[in-house]
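All values below come from the heavy atoms of this structure, side chains included, with hydrogens, waters and symmetry mates left out. By convention in this document, chain letters (A, B, ...) are assigned in the order of the sequence lines, proteins followed by strands, and residues within each chain are numbered from 1.
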2 protein chains.
Amino acid sequence: MARSAVQNEQMRDERRQAILSSAVRLFATRGLAATKVADIASAVGMAQGLLYHYFRSKEEIFVEIVRQAFDRMNTAARELERLPLTPRQKIERAATTLLRTLEEHEDFAWISVLISTASISDAVPAEATAIIRRERDVPYRVVARLARAGQRDGAFEGGRPDDLALVFWTTVKGLALHRLALGAAYKSPDPRILTRMFFPETRA
Amino acid sequence: MARSAVQNEQMRDERRQAILSSAVRLFATRGLAATKVADIASAVGMAQGLLYHYFRSKEEIFVEIVRQAFDRMNTAARELERLPLTPRQKIERAATTLLRTLEEHEDFAWISVLISTASISDAVPAEATAIIRRERDVPYRVVARLARAGQRDGAFEGGRPDDLALVFWTTVKGLALHRLALGAAYKSPDPRILTRMFFPETRA
DNA sequence: GTCTATATCCAGATAGAC
DNA sequence: GTCTATCTGGATATAGAC
């Protein structure tokens, strides 16, 4: 029956997402190699062997996490760019949203750290490395374009747009690391500390 | 003979340092679990079994790296604090030195990333975790004290000293990640982008 | 779909010759 | 001190019953 086939497909997808969601925090806190398939299975509440009905291997899970993370991040970055706001407003919104998300959703920090470490690891599936190389520049370029546009408008201070984008994103990544080190005790700093890089006249 | 005993001790130390030095970059790029003892041994040019004459286990190597890293970093931070400079000069020197070291010495980035990831990992030797918990706040507190002193002098802008210290160090950590992702192509941004968080009037 | 049991492989650590 | 050979444990992935 077509009906139950569709339902089955949906249930399968949900189960796969549950596995991915459990795997993210394990991969982020232990790394790919130190995370046992048995750990993931037990975190999601299934037998170790069953996991192989949903994914072909531990590495496939890892690749799928990386793929989805870039899908979401880069979509969000492109949508921000298209909003009817001034460059300055877009930068401020990005900083505010990112720091709030970081504080409220630990998942965001896990994924950020997972990608950060995967970016420099050579013990990661080749397909993950390929996705990272292909996608990682998108958010940097968006912020750099905003910085350039803001400087043309005279709204921003100097500094090379690429430098500003670099420091902007590396600070976010660094805060994600810190957020995981501190756990629930973490509080994001005032976003103006970040935007002040772009607008030195900003008062705190 | 006492003479050759001393020499032997020294040679042993040098050999141990060579092992640590090779292990750092492997641990940083692959993580503890994915780094094989055979990899370390071959990087330093010795047989796998011989490595156990210098260290009792792979984990002991890891702990020793963490211990030495904090020794150096925290010593440097405390020495900076004691220099006969104004708070502002100390912040500027720290930013300049860190960004230059990051660019010139890849080792510094390796160690930074190793510590960052170890800080949030629960797949790391308990002794390493203990050292990290005990030592990690030192550099943050030094910068926070400098920020507080600068604000008293009226040299710095507002912002909570703890926030400033947090963003300062997380940016450095974030840049270390970036430096490894980019390899030799990496160029540190202008240090004024960093110090501008403390002194908003700084022009680029 | 789900489980238990197991084949297979691989890496850490040790033993023992030189 | 240095090597080669090996023991041993543990983790991935598969097989096969339910």
Side-chain angles (χ1 to χ4, degrees), chain A residues 1 3-20 22-23 26-27 29-65 121-128, chain B residues 1-27 29-65 121-128:
Chain A
M1 293 172 270
R3 174 76 156 283
S4 90
V6 168
Q7 281 181 332
N8 284 342
E9 186 62 22
Q10 188 183 338
M11 285 179 65
R12 184 181 163 83
D13 269 8
E14 280 165 14
R15 209 84 154 106
R16 279 173 58 98
Q17 285 302 324
I19 292 168
L20 293 174
S22 289
L26 290 166
F27 286 148
T29 53
R30 303 183 186 178
L32 174 60
T35 301
K36 291 173 258 185
V37 171
D39 296 337
I40 302 173
S42 107
V44 77
M46 64 171 59
Q48 190 252 38
L50 180 54
L51 202 140
Y52 288 88
H53 270 269
Y54 293 96
F55 293 95
R56 302 167 74 87
S57 69
K58 185 170 76 164
E59 307 213 325
E60 193 184 83
I61 297 173
F62 190 88
V63 170
E64 187 58 25
I65 288 170
S121 174
D122 50 13
V124 127
E127 203 178 340
Chain B
M1 294 172 265
R3 174 76 156 283
S4 91
V6 168
Q7 282 182 332
N8 283 342
E9 186 62 24
Q10 189 184 338
M11 284 179 65
R12 185 182 164 82
D13 269 8
E14 280 165 15
R15 209 87 155 104
R16 279 173 59 97
Q17 285 301 325
I19 292 168
L20 293 174
S21 165
S22 290
V24 165
R25 65 199 74 185
L26 290 166
F27 286 148
T29 53
R30 303 183 184 177
L32 175 60
T35 302
K36 292 173 259 186
V37 171
D39 295 337
I40 302 173
S42 108
V44 77
M46 65 173 59
Q48 189 251 39
L50 179 54
L51 201 139
Y52 287 88
H53 270 268
Y54 294 96
F55 293 94
R56 301 167 74 87
S57 69
K58 186 171 73 164
E59 308 214 325
E60 194 183 84
I61 297 174
F62 190 87
V63 170
E64 188 57 26
I65 288 170
S121 175
D122 49 14
V124 128
E127 203 178 339

Asks: Taking only the side-chain heavy atoms of Q48(B) (C-beta and beyond), determine which of dG12(C), dT2(C), dT4(D) contains the nearest atom.
Replies: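 Among the listed nucleotides, the one closest to the side chain of Q48(B) is dG12(C).
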
Asks: Between dG1(C), dC3(C), dT12(D), which one does the side chain of M46(A) approach most closely?
Replies: dC3(C)

Asks: Send over the distance from Q10(B) CD to dG1(D) P, rounded to a whole Å.
Replies: 13 Å

Asks: Nearest whole angstrom, please: distance from the P of dG1(C) to the CD1 of I19(A).
Replies: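 Result: 11 Å.
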
Asks: Quick one: closest heavy-atom pair of R15(B) and L50(B), and the distance?
Replies: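 Nearest heavy atoms, R15(B) then L50(B): NH2-CD2, 4.3 Å.
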
Asks: Please give, in whole Å, the distance from dG1(C) P to R12(A) CZ?
Replies: 6 Å

Asks: Rounding to a whole Å, what distance do you find between E59(B):CD and dA11(C):P?
Replies: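 Value for this atom pair: 16 Å.
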
Asks: Rounded off to whole Å, could you give me the NZ-to-C1' distance for the K36(A) and dT12(D) pair?
Replies: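 Result: 12 Å.
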
Asks: Please report, rounded to the nearest Å, how far the P atom of dC3(D) is from the CG atom of L50(B).
Replies: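 Rounding to the nearest Å, CG of L50(B) and P of dC3(D) are 5 Å apart.
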
Asks: When you get a sec, tell me which of dT12(D), dA13(C), dT4(C) is the closest nucleotide to the side chain of A47(A)?
Replies: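 So the nucleotide nearest the side chain must be dT4(C).
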
Asks: For T29(B) and R25(B), work out which heavy atoms get closest and say how close.
Replies: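 The pair with the smallest heavy-atom distance is OG1-O, 2.7 Å.
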
Asks: Of all the choices, dA5(D), dT2(C), dT2(D), which nucleotide is nearest to the side chain of H53(A) once you look at every atom?
Replies: dT2(C)

Asks: Locate the shortest heavy-atom distance separating V44(B) from I19(B); write the atom from each residue and the value.
Replies: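 Here V44(B) and I19(B) meet closest at CG2-N, 4.0 Å.
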
Asks: Should Y54(B) and I61(B) count as side-chain neighbours, where that means a heavy-atom distance under 4.5 Å?
Replies: no

Asks: From C-beta outward on Y52(A), which listed nucleotide comes closest to its side chain: dT12(D), dA13(C), dC3(C)?
Replies: dT12(D)

Asks: Between R15(A) and dG1(C), is there a side-chain N or O to OP1/OP2 distance below 4.0 Å?
Replies: no

Asks: Looking only at heavy atoms, what is the nearest atom pair of P125(A) and L32(A), with distance?
Replies: CD-CD2, 3.6 Å

Asks: Check the distance between dG12(C)'s C1' and F55(B)'s CZ and give it to me in whole angstrom.
Replies: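 Taking CZ of F55(B) and C1' of dG12(C), I get 16 Å after rounding.
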
Asks: Rounded to the nearest angstrom, tell me the gap between atom CG in N8(A) and atom C1' in dG1(C).
Replies: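 After rounding, the reported distance stands at 10 Å.
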
Asks: Pick base, sugar-phosphate or nothing for Y54(B), based on heavy-atom distances below 4.0 Å to the nucleic acid.
Replies: sugar-phosphate

